[in-house]
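Below: the structure, in structure tokens.
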Amino acid sequence: MSATVYLETFGCQMNVADSERAAVRLRAAGFNLGDSPENADVIIFNTCSVRERAAHKVFTRIGEVRRQRLSDEPIVGVIGCVAQLEGATLFDSSPLVNLIAGTRATDRLPQLIGRALDGENRIIDLDERREGEKWDLPATARTSKYVAFVPIIEGCNKFCTYCIVPYSRGREKSRPASEIVAEIKELRDHGYREIHLIGQNVNSYRPHVNSYRPRTEAGLEGFKGATLFCRLLRAVAATEMERIKFTTSFPRDFHPDIVAAIDEYDNLCEWIHLPVQSGSDRVLRMMRRGHTASDYFKRIEAIKNARRRMSITSDIIVGFPGETDADFRDTMKLVEQVAYDGLYIFKYSERPGTPAARLDDNVSREEKTTRFLELEQVQRRLQQTIYERYLGREIKVLIERPSSKSEDDLTGHSTCHKVVNFPAPAAWLGEVARVRVTQAKSNSLYGEILSAP
Ligand code: SAH
Ligand code: SF4
Ligand code: F3S
């Protein structure tokens, strides 16, 4: 009988995409994928290291598994960002940990697990991706049947001073455009309605410089654009995939031609995630973001001048070392000025080995919490106004899954990436429906379906 692997994922969309690829590779190698750690022979945690709390989660989970499985001893593997950063020291964290694989070892996971099952101890692979290891995934093997994540670039070269990602994910590597476009066409032919182009910084897309197969623009011929990412956007839009979203955009590299492309193609969705981190030039400089608040605001203006009204979302860090009350007021001012459709607020968390870790983390825990709550409250008020503008309006929603809140409701996202709930029969899952908004909740819209899909 073949072994059962249970795979649990923390962290960002990159990790979700990696886990999806790992699952496909494991199934292809003859493993079963289990949906609980209880009876699995092998338990794999795909980990995130972006904040201390996220990084700690894997240790809590290993402890829980250990208590659950006192009588037998499953093989536990740690993969992803914590694995890449901590390496072999993880073996000492628990006697159960027997396998460590880094962020670019996904395609080698079946062999690594095979070795562990054969009795080999302390297996570790933190190597780079190898020649011939491709990112492509068959459309039929994905988790969702309607929405697919498509990585276009991995790693990060920005080295924002607070951030661990450039260390856990390594240097930027772009995927050839021809491969991306081919994958999206296949997804389209299999009935997928929406794809997300993903990367830590999609604007840095540069397959001719930092790809696994250098010097190639294959797949972009005939597509214009101010940057290679803009050309890729147009090439992807031309596949006629119904809905196309992309994350994350880095402000400094955000070219207004991205907005022009969205204006040209209706299937490029009207949502942009453009993290700003702070509204204070002083803090932005200490974070080494490479832009000022006013540079950022120019990008926002370009987005706001688009043909369609675009949703804009962002990330903010409060309590960066040395952030004064005046700096924080600048952030509040920027948030008021932009009026985001959504905001992810984080308390600064010191990451060992980053440049900011050498600074004195001198904003007290209480102060971080106070700023967090204050910003959250402002955002809630601004967001309420924005959400209320949708009342009575008609939006197009991809019906993705049953709602967790009510048995009668289904849930999905609008093209502007709002969560929308509505009563509908389960048979409509995977359809795009016209929905009239009847209620604006704090983080979602509620509505009624206007026509059967
Ligand atoms: N590449 C993306 C996302 C990086 S991680 C970007 O540049 O936007 C997602 C978010 O986590 C970041 O935008 C930032 O707001 C937050 N983050 C990253 N490192 C952090 C740290 N050390 N402490 C608190 N928040 C952090
Ligand atoms: Fe981290 Fe900055 Fe890279 Fe984003 S752009 S992953 S915040 S270093
Ligand atoms: Fe976390 Fe790694 Fe993503 S640190 S946010 S899982 S790139």
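First listed ligand is number 1; within each ligand, the first listed atom is number 1. For the single chain, residues carry numbers from 1 onward in sequence order.
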*Provide the number and element of each atom of ligand 1 under 4.0 Å from a heavy atom of Arg289.*
7 (O)

*State the atoms of ligand 1, each with its element, that fall below the 4.0 Å cut-off from a heavy-atom position in Thr248.*
2 (C), 6 (C), 8 (O)

*Just by distance, with hydrogens left out, do Glu52 and Ser349 show a side-chain donor and acceptor under 3.5 Å apart?*
no

*asked:* Can you tell me if Arg53 contacts ligand 1 (heavy atom of the residue under 4.0 Å from the ligand)?
replied: no

*Please report which non-hydrogen protein atom sits nearest to atom 17 (N) of ligand 1, along with the residue it belongs to and the distance in Å to one decimal place.*
Arg51 NH1, 3.5 Å

*asked:* I'd like to know whether ligand 1 has Ile317 as a neighbour, heavy-atom separation below 4.0 Å.
replied: yes

*Is it the case that Thr247 and Gln13 place a side-chain donor and acceptor less than 3.5 Å from each other?*
yes

_At less than 4.0 angstrom from any non-hydrogen atom of Gln200, what atoms of ligand 1 do you find?_
1 (N), 2 (C), 3 (C), 4 (C)

*What protein heavy atom is closest to atom 13 (O) of ligand 1, reported as residue, atom name and distance in Å?*
Asp315 OD2, 2.6 Å

*Taking only protein atoms, how many N, O or S atoms are found under 2.8 Å from atom 3 (Fe) of ligand 3?*
1

*Hey, are the side chains of Glu172 and Ser174 touching, using non-hydrogen atoms and a 4.5 Å cut-off?*
no

*Does His273 have a heavy atom less than 4.0 Å from any atom of ligand 1?*
no

*Looking only at distance, does Asn201 have an N or O less than 3.5 Å from an N or O of ligand 1?*
no

*Heavy-atom distance to atom 8 (O) of ligand 1: which of Ser278, Pro275, Gly319 wins?*
Pro275

*Looking at Val50, which atoms of ligand 1 are within less than 4.0 Å of one of its heavy atoms?*
5 (S), 18 (C), 19 (N), 20 (C), 21 (C), 22 (N)

*Against heavy atoms of Tyr348, which atoms of ligand 1 measure under 4.0 Å?*
23 (N), 24 (C)

*Identify the protein heavy atom lying closest to atom 19 (N) of ligand 1, giving its residue, its atom name and the separation to 0.1 Å.*
Tyr162 CD1, 3.3 Å

*Can you find an N/O atom of Ser349 closer than 3.5 Å to an N/O atom of ligand 1?*
yes

*Any chance the side chains of Lys347 and Thr369 put a donor and an acceptor closer than 3.5 Å?*
yes

*Do any protein N, O or S atoms sit under 2.8 Å from atom 3 (Fe) of ligand 2, and which ones are they?*
Cys156 SG

*asked:* If you measure every N or O of Arg351 against every N or O of ligand 1, does any of those distances drop under 3.5 Å?
replied: no

*asked:* Quick one about Thr411 and Asn421 (side-chain donor to acceptor, distance below 3.5 Å, no hydrogens or angles considered), yes or no?
replied: yes

*asked:* Taking the side chain as everything from C-beta on, heavy atoms only, tell me whether Arg25 gets closer than 4.5 Å to Leu137.
replied: yes

*Distance to 0.1 Å, residue and atom name: give those for the protein heavy atom nearest to atom 24 (C) of ligand 1.*
Lys347 O, 3.4 Å

*asked:* Just to be sure I read this right, does ligand 1 sit under 4.0 Å from the backbone of Gln277, its side chain, both, or neither, counting only heavy atoms?
replied: side chain

_If we only consider heavy atoms of Arg289, is any one of them less than 4.0 Å away from an atom in ligand 2?_
yes

_Just to confirm my output: which protein heavy-atom neighbour is closest to atom 7 (S) of ligand 2, and how far is it?_
Tyr162 OH, 3.3 Å

*Face-on cation placement of Arg51 at Phe346 ring, 6.0 Å and 45° thresholds*: yes

